[in-house]
There are 2 protein chains.
Amino acid sequence: MKLQQLRYIVAMVRHDLNVSQTAEALFTSQPGVSKQIRALEDELGVELFNRRGKQIVSLTDAGERVVELASDVLQGVESIRTVGRELANPNVGELAIATTHTQARYVLPPVIAQFREAYPHVSLQLHQGTPSQIAEMLAGGDVDFAISTEGQAHFEDMALLPCYRWSRAVLVPDGHPLHRLHRLDGITVEALAQYPLVSYTFGVDAQSTLGKAFAERGLKPHIALSASDVEVIRTYVKLGLGVGVVARLAVDDSPRDGLVALDASAVFPPSTTHIVLPRGAALRGYSYDFIQTFAAHLDRDCVDAALSGGQPTIDVDALPLR
Amino acid sequence: MKLQQLRYIVAMVRHDLNVSQTAEALFTSQPGVSKQIRALEDELGVELFNRRGKQIVSLTDAGERVVELASDVLQGVESIRTVGRELANPNVGELAIATTHTQARYVLPPVIAQFREAYPHVSLQLHQGTPSQIAEMLAGGDVDFAISTEGQAHFEDMALLPCYRWSRAVLVPDGHPLHRLHRLDGITVEALAQYPLVSYTFGVDAQSTLGKAFAERGLKPHIALSASDVEVIRTYVKLGLGVGVVARLAVDDSPRDGLVALDASAVFPPSTTHIVLPRGAALRGYSYDFIQTFAAHLDRDCVDAALSGGQPTIDVDALPLR
DNA sequence: CCCCATTACGTAGCACGTAACAATG
DNA sequence: CATTGTTACGTGCTACGTAATGGGG
């Protein structure tokens, strides 16, 4: 059994069980992958993949279990590499983080500035994406950890560390009916439901905080447009496509470009931003530091507890609200 | 990084950091081991072993952590093999158990008879040894699990599953003063302390149940001889070397060879026999069956819970007493 | 002076890539 | 007919074994 063979089968499930695609992703040849998979199956004495003719269609029971174990093994190998790098050069390395536009643009800058000062020789990589893309990156080992606001459902088998809570704001043109309502009685979900909305792509499905707030009142929001970027959302609100619903921390209180941001923290319950880590992974020392800079209550012990499987006791209601 | 390299460094710590000895144990050449270790150190960029001149004297901090992770990785690889074998031939394979003489001779026979009938194509291997030897076998991956009565201290980082409790008997020549005492007031620790004892090698250290029973009363037993085998102990009691203290289940109630066994369950608190498993390992289906045949309350879920780290809730006081 | 780790060097095995082939939709 | 997986074959890398060298106690 070779580590390569394990890499191949794990990569296979991440590439729709397509040998050609897998080979391309791993910068090797199709026959090589095919052959190594057969070699592993021969050695284990079990078929790992169900084949229809020459097409690989699914994992066998054995395949399911073996791929799972192989992932653990490969993560262990990665951990060994990480430990090596850490003890060779504690302050030199890379840190790859997957996150959303809002985090990258409005929350992370001061954290990263402070981090850069402490670790000038660590090369930072910020990968942006939707929660499902972020989950993909994390599962594929492309990033060290993720900072995610919604879509916890995507992060099965990962350690979720609550960082802070955040509330929403409603973006409307100056003089919009909701603007006046906001000054008088305050905005309500019912009032919002009467207008087309412009919001985050990932914030509008049924499991999201936003989606649930409407569903609870038997309302179905009309989403005119969804984007992952506040600036894009602003643009379309200005164009009159609808009312923007965004993270409050992403907008100023003062009007800009004829748009005003109305505090909607009383309308929608706050969402929680999490740091997401693959269970069992090893982290660089500076990663712990980054995490604690981002969320002061997440010290090394707390993170280690989450990594080793136990859900740490964090009082979500005591988290800072932004 | 190659799996071989991980095997080499893990084997190194099991062989006193001696390259020659390690190479011999792995049926390969010293230079091969030496070179692969250097290759791994080069790849990781850290020395794993502290060398004084050309002598390897200890593990570095990095080495400590890497060896630990490497063990996990290798165990994962073993698990993959196990899963393969299981799904290829559920009823064919090997089962290696490490245990003490008493278990092998007096407790296991009916279990093994039943197991053999259910799984005639499983080759059983019974490895005997002292608790520390048993722990060594388990840590080295030489056996699938252990059945141990004492010396829990040896089994750091292992999953311990209580199976049953057992009490002791005192072996004396017919007509011995303790024989009469037993019929009148009953034996006491104090009475026993007046005679030289013959008992199990591993049962006489300070942490053992036996040792503690004496220590609690401020007594120090005089151990004339210790052996791992009841038949050996009988022999020396017959020779008049001292009074035997053995597991009750290892002796008949009726006299034999001029020796009588006196129930000492009221004198010493019962000991508990455990099945010991390496955390995180994968077991063959028939192994689960063997375990449950041995201790009916240890079903598959219970064993899996212990393997995955959680200590299962087993009421020790409710276990059968033998 | 013995034991042990490392260096040097030759070989055999195997993983990988190119090319050709088979099968499925 | 296009896409995908497998077989065939040649090559270059490397792990491994034998032999020789260097250091410590």
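Residue numbers start from 1 in every chain, and the chains themselves are labelled A, B, ... in the order their sequence lines are given, proteins ahead of strands. Since we're looking at a predicted model, the values are computed, not measured. As a basis for the values below, the full set of heavy atoms in this structure was taken, side chains included, without hydrogen atoms, waters or symmetry mates.
The distance from atom CD of B:Gln30 to atom C1' of C:dC3 is 11 Å, rounded to the nearest whole Å. Remark: P of C:dC14 and CD of A:Gln5 are 11 Å apart, rounded to the nearest angstrom. Nucleotide C:dG25 holds its P atom 14 Å from the NZ atom of A:Lys54, rounded to whole Å. As rounded to whole Å, 14 Å separates atom C1' of C:dT7 from atom CZ of B:Arg51. Distance NZ (A:Lys35) to P (C:dC14): 10 Å, rounded to an integer number of Å. Rounded to whole Å, atom P of C:dA5 lies 15 Å from atom CG of B:Asn50. Regarding B:Leu3, its CG atom lies at a distance of 16 Å from the C1' atom of C:dC14, rounded to whole Å. Summarising the geometry, the separation between CD on B:Gln55 and P on C:dC4 is reported as 8 Å, rounded to the nearest angstrom.
Among the protein residues, A:Gly32 comes within range of no part of the nucleic acid, since none of its heavy atoms lies under 4.0 Å from any strand. Within 4.0 Å (heavy atoms only), A:Ser29 reaches at least one base atom of the nucleic acid. Note on A:Leu17: only backbone sugar-phosphate atoms sit closer than 4.0 angstrom, heavy atoms only; bases stay farther off. Across all strands shown, A:Leu26 has no heavy atoms under 4.0 Å from either base or sugar-phosphate atoms.
The line from CG of B:Leu307 to OH of B:Tyr288 is 5.5 Å long, rounded to the nearest 0.5 Å. To the nearest 0.5 Å, atom CD1 of residue B:Ile56 and atom CD1 of residue B:Ile37 are 5.5 Å apart.
A salt bridge is absent between B:Glu94 and B:Arg284; no separation between the charged side-chain nitrogens and carboxylate oxygens falls under 4.0 Å. Salt-bridge annotation for A:Glu86 and B:Arg65: absent, with no side-chain N of the basic residue lying under 4.0 Å from a carboxylate O of the acidic one.
Checked against the 6.0 Å centroid criterion, the rings of A:Phe290 and A:Tyr286 do not qualify as a close aromatic pair.
Between B:Gln21 and C:dC3, a side-chain N or O to OP1/OP2 separation shorter than 4.0 Å is absent. The phosphate of C:dC3 (OP1 or OP2) has no side-chain N or O of B:Ser20 nearer than 4.0 angstrom. Look at B:Arg38 and you'll find a side-chain N or O under 4.0 angstrom from OP1 or OP2 of C:dT6. OP1 and OP2 of C:dC16 both lie 4.0 Å or more from every side-chain N or O belonging to A:Thr28.
The listed nucleotides are C:dT18, C:dC4, C:dT6; the one nearest the side chain of B:Pro31 is C:dT6. Comparing atom distances between the B:Asn18 side chain and each of C:dA5, C:dC16, C:dG25 picks out C:dA5 as nearest. Considering only the side chain of A:Lys2, C:dA15 comes nearest among C:dT6, C:dA15, C:dC16. The side chain of A:Tyr8 sits closest to C:dC16 out of C:dA5, C:dT6, C:dC16.
Judged by closest nucleotide on DNA chain C, B:Ser34 is the one of B:Ser34 and A:Ala39 placed further toward the 5' end.
More than 12 non-hydrogen atoms from other residues, nucleotides or ligands lie less than 6.0 angstrom from CD of A:Glu43.
For B:Ser287 and B:Asp144, the side-chain atoms include no donor-acceptor pair closer than 3.5 Å.
In the 5' to 3' direction, nucleotides of DNA chain D lying under 4.0 Å from heavy atoms of chain B begin and end at D:dA15 to D:dG25.
Judged by distance alone, with hydrogens and angles left aside, the side-chain atoms of B:Thr99 form a donor-acceptor pair with the main-chain N or O of B:Ile147 at under 3.5 Å.
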